[in-house]
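Positions are given from 1 along the sequence. This structure is a prediction, so every number in the text was calculated from the model and none was measured.
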Amino acid sequence: MNPPDVGATVEAEDVVWLRLDTALGPVARREAARLARRVGMSASRVAEVELAVTEAATNLEKHARDGALALRVVTLPDRAAVELLSLDSGPGIQDLRSALVDGVSSSGTLGVGMGAIARSADTFDVYSVPGSGTALLARFWSGRGGDEAAVAEPAVAGLTRPISGESVCGDGWSARTEMREGGLVVTAMLCDGLGHGPLAALASERARAAFRANAHRSPEEILRALHLQLKGTRGAAVSVARADFSRGSVESCGVGNINVCVVRGDKRHALLSLPGIVGHQVPRLRTFQGQLDPSSVLVLHSDGLSDRWSPADFPGLFRRRPAVIAGHLLGQAGVRRDDAGIVVARAVAS
Ligand SMILES: [Mn+2]
């Protein structure tokens with residue numbers, strides 16, 4: 001089955017980030033209910049989402065050293081979901097299997113209540129490294145009802161988080177997935193607007209609009225269009241990468257400091273970008289090529305994530321869902337002193 005985002009421009013609206021503090025439970029519950037109602041869920045489904053999010057919040061409060069919940073609406077052409085990510089930096093879950101069975105979890109593990117979240121979510125996934133941290137994904141589609149396509153996994157996921165103290169994020173992303181000659185092709189754009197706050201966010205918003213209008217072109221042509229559209233803004237670092245999973249090729253065109261890489265096995269292969277500021281001054285553009293295999297993962301991230309991560313630090317992570325990979329990397333490598341943005345794509349077997 002094709003991923004459900006084929007033929008669609010994939011974006012997610014602003015993420016509500018809730019840091020671990022004393023009022024996490026009630027605030028998370030309220031935000032979850034607001035988003036669930038917005039996508040048209042029934043009252044009973046809203047209640048289930050509220051309950052699951054409250055469980056996740058309680059888990060963080062009781063057991064995590066540091067962490068946050070991210071809540072947002074994810075939209076496909078014909079449906080929408082509320083998505084929850086719970087990200088923490090430890091201590092990790094020693095025994096995931098028993099954590100998922102209610103009543104079996106020993107007290108003092110993060111897993112208490114996780115079984116309830118798993119049962120009510122349409123998609124549930126948890127990745128945990130004992131000693132370092134956990135990423136939990138729960139997705140609740142509106143209009144659920146045994147529809148297999150409704151629970152299939154999108155091939156691409158992006159996530160942004162504003163610098164501490166800001167509510168808007170200057171990093172923005174957009175992606176388009178399509179089938180070409182039977183193979184999955186993902187085109188992804190990540191934009192880091194200079195500085196932070198509303199003016200940086202405006203540059204990213206322009207970049208997203210220009211991407212939507214030009215996503216069928218080559219990465220280099222897309223970047224050229226973005227450069228024109230960002231004139232008069234603060235400017236930005238931008239990369240556009242296209243991964244063709246059946247041909248085994250990736251091409252990338254970028255200006256400024258966006259990290260683009262392909263993870264294959266335990267290795268990370270970087271694709272270069274050029275110096276400059278999109279919207280102000282760009283050099284003669286160049287496209288860089290790389291190789292993919294069907295299980296490779298394409299990652300784009302801004303300098304709001306440390307560059308010093310290695311796939312070997314996260315055993316098994318790059319075989320997980322794109323949203324889990326994006327969430328865990330941002331949670332583990334993200335910095336608080338800058339806007340952070342990441343986009344992850346892989347050809348998920350579904
Ligand atoms: Mn930045």
Side-chain angles (χ1 to χ4, degrees), residues 1-12 74-79 147-159 172-191 207-227 229 238-255 258-265 267-273 285-301 318-323 325-326 342-350:
M1 187 197 304
N2 291 340
D5 48 345
V6 161
T9 304
V10 186
E11 293 180 349
V74 176
T75 310
L76 294 179
D78 59 342
R79 65 183 80 98
D147 176 7
E148 233 183 293
V151 297
E153 191 61 25
V156 56
L159 186 62
W173 65 279
S174 188
R176 187 176 171 82
T177 61
E178 58 205 303
M179 302 305 285
R180 288 190 189 172
E181 292 154 24
L184 178 72
V185 176
V186 176
T187 308
M189 185 279 298
L190 182 62
C191 173
R208 284 157 49 135
F211 178 85
R212 285 193 290 269
N214 291 279
H216 57 288
R217 302 178 189 277
S218 72
E220 197 168 308
E221 289 168 334
I222 296 170
L223 200 77
R224 195 166 289 123
L226 264 68
H227 177 55
Q229 291 300 315
V238 181
S239 280
V240 178
R242 174 167 292 151
D244 185 324
F245 286 93
S246 64
R247 285 177 49 205
S249 64
V250 55
E251 52 180 15
S252 177
C253 181
V255 170
I258 299 284
N259 193 294
V260 179
C261 64
V262 172
V263 175
R264 272 188 286 152
K267 294 276 189 309
R268 191 176 145 190
H269 305 269
L271 285 104
L272 295 178
S273 62
L285 296 180
R286 278 186 65 187
T287 299
F288 295 92
Q289 316 276 343
Q291 290 182 325
L292 281 176
D293 62 45
S295 62
S296 297
V297 179
L298 174 70
V299 179
L300 290 77
H301 71 74
F318 292 89
R319 293 192 296 274
R320 308 302 281 267
R321 291 172 166 84
I325 300 171
I342 181 168
V343 186
V344 172
R346 62 169 299 209
V348 188
S350 54

Novice: Looking at every non-hydrogen atom in both residues, tell me the closest pair between Ala241 and Leu300 and how far apart they are.
Specialist: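 Between these two residues, the closest heavy atoms are CB-CD1, 4.2 Å.
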
Novice: How far does CG of Leu272 sit from CZ of Arg286, to the nearest 0.5 angstrom?
Specialist: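 If we round to the nearest 0.5 Å, Leu272:CG and Arg286:CZ are 7.5 Å apart.
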
Novice: Of all heavy-atom pairs between Gly265 and Val263, which one has the smallest distance, and what is that distance?
Specialist: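 Closest approach of Gly265 to Val263: O-CG1, 3.7 Å.
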
Novice: On a heavy-atom basis, which atom in Ala207 and which in Cys191 lie closest, and how many Å separate them?
Specialist: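 Taking every non-hydrogen atom into account, CB-SG, 3.7 Å.
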
Novice: Check step by step if side-chain contact (heavy atoms from CB on, under 4.5 Å) holds for Ser249 and Glu251.
Specialist: CA-CA 7 Å; Ser249 64; Glu251 52 180 15; over 6 Å; no

Novice: Using the rule side chain to side chain donor-acceptor pair (under 3.5 Å), only one of Arg176, Arg217, Arg242 pairs with Thr187; which is it?
Specialist: Arg242

Novice: State, without any angle test, whether Glu220 and Thr287 hold a side-chain donor-acceptor pair at a distance under 3.5 Å.
Specialist: yes

Novice: Report the residue from Leu285, Val238, Leu226, Val240 that forms a side-chain contact (heavy atoms from CB on, under 4.5 Å) with Val255.
Specialist: Leu285

Novice: Who are the salt bridge (Lys or Arg N to Asp or Glu O under 4.0 Å) partners of Glu221, not counting sequence neighbours?
Specialist: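 With neighbours one apart ignored, the set is empty.
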
Novice: Would you compute the distance between atom CZ of Arg319 and atom OG of Ser295 and round it to the nearest 0.5 angstrom?
Specialist: 9.0 Å

Novice: Looking at every heavy atom in both Pro322 and Pro154, which two are closest together, and how far apart are they?
Specialist: CG-O, 3.7 Å

Novice: Nearest 0.5 Å please: distance from the CZ atom of Phe245 over to the CG atom of Leu184.
Specialist: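 With rounding to 0.5 Å, CZ (Phe245) is 6.0 Å from CG (Leu184).
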
Novice: May I ask you to decide if Arg247's main-chain N or O and Asp244's side chain share a donor-acceptor pair within less than 3.5 Å?
Specialist: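 Indeed, once roles are kept as given, a pair shorter than 3.5 Å links the two residues.
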
Novice: May I ask you to check whether over 12 heavy atoms, not counting those of Arg212, lie within 6.0 Å of atom CZ?
Specialist: yes

Novice: Apply the test side-chain contact (heavy atoms from CB on, under 4.5 Å) to residues Arg264 and Gln291: give CA-CA distance (whole Å), side-chain angles for both, the deciding distance (0.1 Å), then the verdict.
Specialist: CA-CA 9 Å; Arg264 272 188 286 152; Gln291 290 182 325; 4.2 Å; yes

Novice: To the nearest 0.5 Å, tell me how far Ser273 OG sits from Asn259 CG.
Specialist: 8.0 Å

Novice: Rounded to the nearest 0.5 Å, how far does CZ of Arg208 lie from OG of Ser174?
Specialist: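 Nearest 0.5 Å value for the OG-CZ distance: 6.5 Å.
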
Novice: To the nearest 0.5 Å, what is the distance between SG (Cys261) and CG (Leu298)?
Specialist: 7.5 Å

Novice: Do any N or O atoms from the side chain of Arg346 and from the backbone of Arg320 form a donor-acceptor pair under 3.5 angstrom?
Specialist: yes

Novice: Is it true that atom CD of Gln289 has more than 12 heavy atoms of other residues, nucleotides or ligands lying nearer than 6.0 Å?
Specialist: yes

Novice: Determine whether Ile342 and Leu190 make a side-chain contact, defined as any pair of heavy atoms from C-beta on separated by less than 4.5 Å.
Specialist: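 No, side chains not in contact.
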
Novice: Indicate the atoms forming the closest heavy-atom contact of Ser239 with Gly254, along with that distance.
Specialist: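 Closest pair (atom of Ser239, atom of Gly254, distance): OG-CA, 3.4 Å.
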
Novice: What closest approach, in Å, do Phe318 and Val297 show between heavy atoms, and which atom pair accounts for it?
Specialist: O-CG2, 3.3 Å

